[in-house]
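Every chain is numbered from 1 and lettered A, B, ... according to where its sequence line falls, protein lines coming before strand lines.
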Amino acid sequence: MRQQVRQVIDATLHALKASGALTFDTIPNYAVELPKKLEHGDWACNVAMVMSKGRNAPELADLIIKNLVDPHSSVVSVEKAGPGFLNFRLKDIVFQRVVTEVLKAGVQFGRRAPKSTGKKVMVEFVSANPTGPVHIGHARGAFMGDAIARLLDAAGHDVTREFYINDFGKQVETLGRTVYKRYREQFGEAITLVEGEYPAEYVIDIAKTWKAEVGDSFLNKPEAEWLPAAIEVGTRENLKAIKATLAKANITHDVFFSEASLHASGAVRSIVDVYKARGVTYEATEGKRKDNKEKVRDAESKAAKYADRQLGGTFLMTATWQDEKGKTPLKDEEDRIILRADGTPVYLTADLAYHKAKFDRGFDLAVDVFGADHAGHVPRIQSGMHLLGIDSKKLEFVLVQIVRITRGGEEVKVSKRKGTLFELADLIDEAGADVCRFIFLMKTRDAQFDFDLDAVTKQSKDNPVFYFQYGHARCASILKKAAEKGVPFVGADKVTDAHLARLVLPEEKMMLKKISQLPDVVASAADRLEPHHVLYYCQELIGDFHAYYTQYKSDPIISDDAEKTQGRLALVAALKQTLQSAFKILGIDAPEHMEAPPEEA
RNA sequence: GCGCCCGUAGCUCAGCUGGAUAGAGCAUCGGCCUUCUAAGCCGAGGGUCGUGGGUUCGAGUCCCGCCGGGCGCGCCA
């Protein structure tokens, strides 16, 4: 519907240009939007103000109105208003056809054809360390990443959802050592954990599993034998638990990509060689690095902190690299080490190799969903990709801000080290997957917010997600009721213009306008990687529907007037389809039926 | 100290990349179930959009300063 208004405006402007009344190169970017006030018409357009850039906006508006070209004759009237708005009113049939459009599109409504953009997109999200379960700290990024992937899929991209497994390095080694201690404990040995090892109970479970599998065969073996085995069983079991939790949350990944495999395949080594060949590295024997203000930062404080470590190594010019013009465009604060003095790579080195691999695998866009605590990592990867000659537009970061978890007004601290975990699985058991997902998606991604466990778990009846789902269930219920009463909706193929012509109430037209917007909402939310726009869109639409439903109880949808009933049932069916499409993009269930919970005493 | 994010109703948050009289949910108060589900609807109260400048036809939205809060600033991953 919005497109039709655009067509009218574009046609009019081109006609004015052809007649010499107006001069312009290209039509500037103008908006066609739903006005808040009904007296401002069906659609409002700011093109006169955008094009006039000043005084004569009202004159230009008049000119457009006088010379209006209406190719599909869909316009009833255009008025000039305020500082130069054009307020359009459209014929009823334009609204009514929205119903048939939606019903014909079915589950595809609101979406572009699958993979129609030809763009390969990877969304990397969760990527929780395989050293423990998924906890509440991961929840926001998990639901956000999942929703972004769904959104990009709906927008017609070829989406791969990926989980990067950090199964290499010190942390998994520590896990392995903890697992082995717990394993020995199973045979009656008294053990003590040292600082940094994982005290939580799940490690004991892993040890039990291991014992059941291999018996005592690792008890008196050298470290070289038990450590790799303990790491293997530890990461495997944790990953199994992570996958189970994600499944519970209705979150799926297509690929689990192992960091260790990058080391094994030589990809990590080879990226260092690539950087060296491009001349963007240097050796610093004393552990000194440069930052982009051309100072040499002293590593003394760090040397004190890591006194046991030999400083120096190979640095990547993530800050000080200069382009042909001698400028330093990279945003990192200082150059980063990629090979330690002993020649071993660091975490960043592997991550750079991983990101390079993403583009080598043919992705046109890589979206990384991180927690804000990884913000410092972003410029390093951006710089690293730039130094490979990869267009920075092909890599986008979504940083979800920290979530404060509160219960009874007190903050719940999450710490894997201290063993005080609040697992996502437990939260889902308490509150339900849809409720959790909804609460995390309601907020724009870069606002921090407080997650009140009391509100979610105790008052789930009042949770906003039910408002949404009830809207869908109400549509389903009406259609079901109509069938029971012997006047079922005739269906998308048999609904006629005569039926639809009975949709004339202002509330009905408003809903049809909004329904027609879903494709725009999805496309723009996908562009911006912001799922919450879809959610707020649903809220408005459902609010309109509930109000309509209640207001016209005396003139109900199902009435003796067969024609009107069919028209209204078609609207309800279209609305139901719209909500179902939107819910699918958000990843929440669209129930056919909902019962009010029993009143609490 | 430096970098990033945030500041909108009592609380939690939207505000469609600059548009018309700033919105929703929760909470409070008052109404609405003999007829398609009351997990719903209608109404009321509640705002110097942190603050001071700037940009322009027009600013919650863009720019600069300040105030307040969060996160980051390992050769951990």
Side-chain angles (χ1 to χ4, degrees), chain A residues 31 33-37 40 44 46 49-50 52-55 57 81-85 127 129 131 166 168-172 174 196 259 287 299 302 305-306 309-313 331 333-334 336-342 344-348 350-351 371-379 399 401-402 404 439 442-444 446-452 455 459 461-464 466-467 469-471 473-474 477-482 484-485 517 520-521 524-525 528 530 532-533 535-537 539-540 543 546-554 556-559 568 572 593-597:
Chain A
E33 50 195 8
L34 283 183
K36 286 167 202 152
K37 295 281 169 188
H40 291 143
N46 65 352
M49 291 178 290
V50 172
S52 64
K53 291 206 167 126
R55 284 288 136 142
F85 284 103
S127 298
N129 280 347
T131 52
N166 301 131
F168 185 91
K170 220 160 277 182
Q171 291 190 0
V172 285
T174 304
E259 180 188 355
K302 283 170 188 162
K305 196 168 173 186
Y306 302 100
R309 196 169 285 151
Q310 186 193 356
L311 293 170
K331 296 224 175 73
E333 289 173 350
E334 55 190 18
R336 302 290 165 183
I337 191 162
I338 51 173
L339 281 186
R340 297 187 184 100
D342 63 6
T344 56
V346 299
Y347 172 75
L348 176 64
D351 213 13
D373 53 343
H374 283 62
H377 203 55
V378 170
L399 293 178
Q401 292 295 313
I402 296 297
R404 264 180 89 240
I439 293 201
M442 272 199 326
K443 277 76 184 177
T444 180
D446 44 23
Q448 342 168 174
F449 74 103
D450 293 346
F451 191 116
D452 184 1
Q459 305 168 15
K461 173 183 176 301
D462 297 325
N463 193 284
F466 293 114
Y467 182 87
Q469 296 182 323
Y470 183 55
R474 179 168 258 178
S477 167
I478 291 168
L479 293 168
K480 196 176 150 207
K481 196 78 176 186
E484 283 169 14
K485 287 191 174 181
Q517 279 193 287
D520 290 344
V521 171
S524 122
R528 299 164 62 174
E530 292 176 346
H532 74 274
H533 294 294
L535 191 151
Y536 282 92
Y537 165 82
Q539 178 168 286
E540 253 188 72
H546 283 315
Y548 165 71
Y549 176 91
T550 309
Q551 190 181 338
Y552 291 98
K553 271 203 165 171
S554 55
I557 292 164
I558 304 166
S559 67
R568 290 187 175 179
V572 172
H593 183 79
M594 282 174 86
E595 287 286 343

Applying ring pair (Phe, Tyr, Trp, His ring centres under 6.0 Å), can you list everything that pairs with A:Tyr548, at least two apart in sequence or on another chain? A:Tyr552

Quick one: list whatever passes side-chain hydrogen bond (donor to acceptor under 3.5 Å, both in side chains) with A:Glu595, sequence neighbours left out. A:His593

A:Gln469: which residues meet the side-chain hydrogen bond (donor to acceptor under 3.5 Å, both in side chains) condition with it, sequence neighbours left out? A:Asp434

How would RNA chain B look in dot-bracket form, 5' to 3', counting Watson-Crick and G-U wobble pairs with both distances under 3.5 Å and writing | for bases paired to another strand? (((((((..((((.....[...)))).(((((.......))))).....(((((..]....))))))))))))....

Measure CZ/A:Arg568 against C1'/B:C36 and give the value in whole Å, please. 11 Å

Does A:Gln171 get its side chain close enough to the base of B:C76, under 3.5 Å, for a donor-acceptor pair? yes

Identify, with sequence neighbours excluded, every residue that meets salt bridge (Lys or Arg N to Asp or Glu O under 4.0 Å) alongside A:Asp373. none

Classify A:Tyr548 by what it touches in the nucleic acid, base, sugar-phosphate, or nothing, heavy-atom distance under 4.0 Å. nothing

Provide a list of protein-nucleic acid N or O atom pairs under 3.5 angstrom, restricted to nucleotides 15-17 of chain B.
unit_1: B:G15; atom_1: OP1; unit_2: A:His532; atom_2: NE2; d: 2.7

Suppose you measure atom C1' in B:U21 against the same atom in B:G47; what distance do you get, rounded to whole Å? 14 Å

Are OP1 or OP2 of B:C76 and a side-chain N or O of A:Lys170 less than 4.0 angstrom apart? yes

Residue-phosphate contact under 4.0 Å: A:Arg340 side-chain N/O, B:C76 OP1/OP2: yes

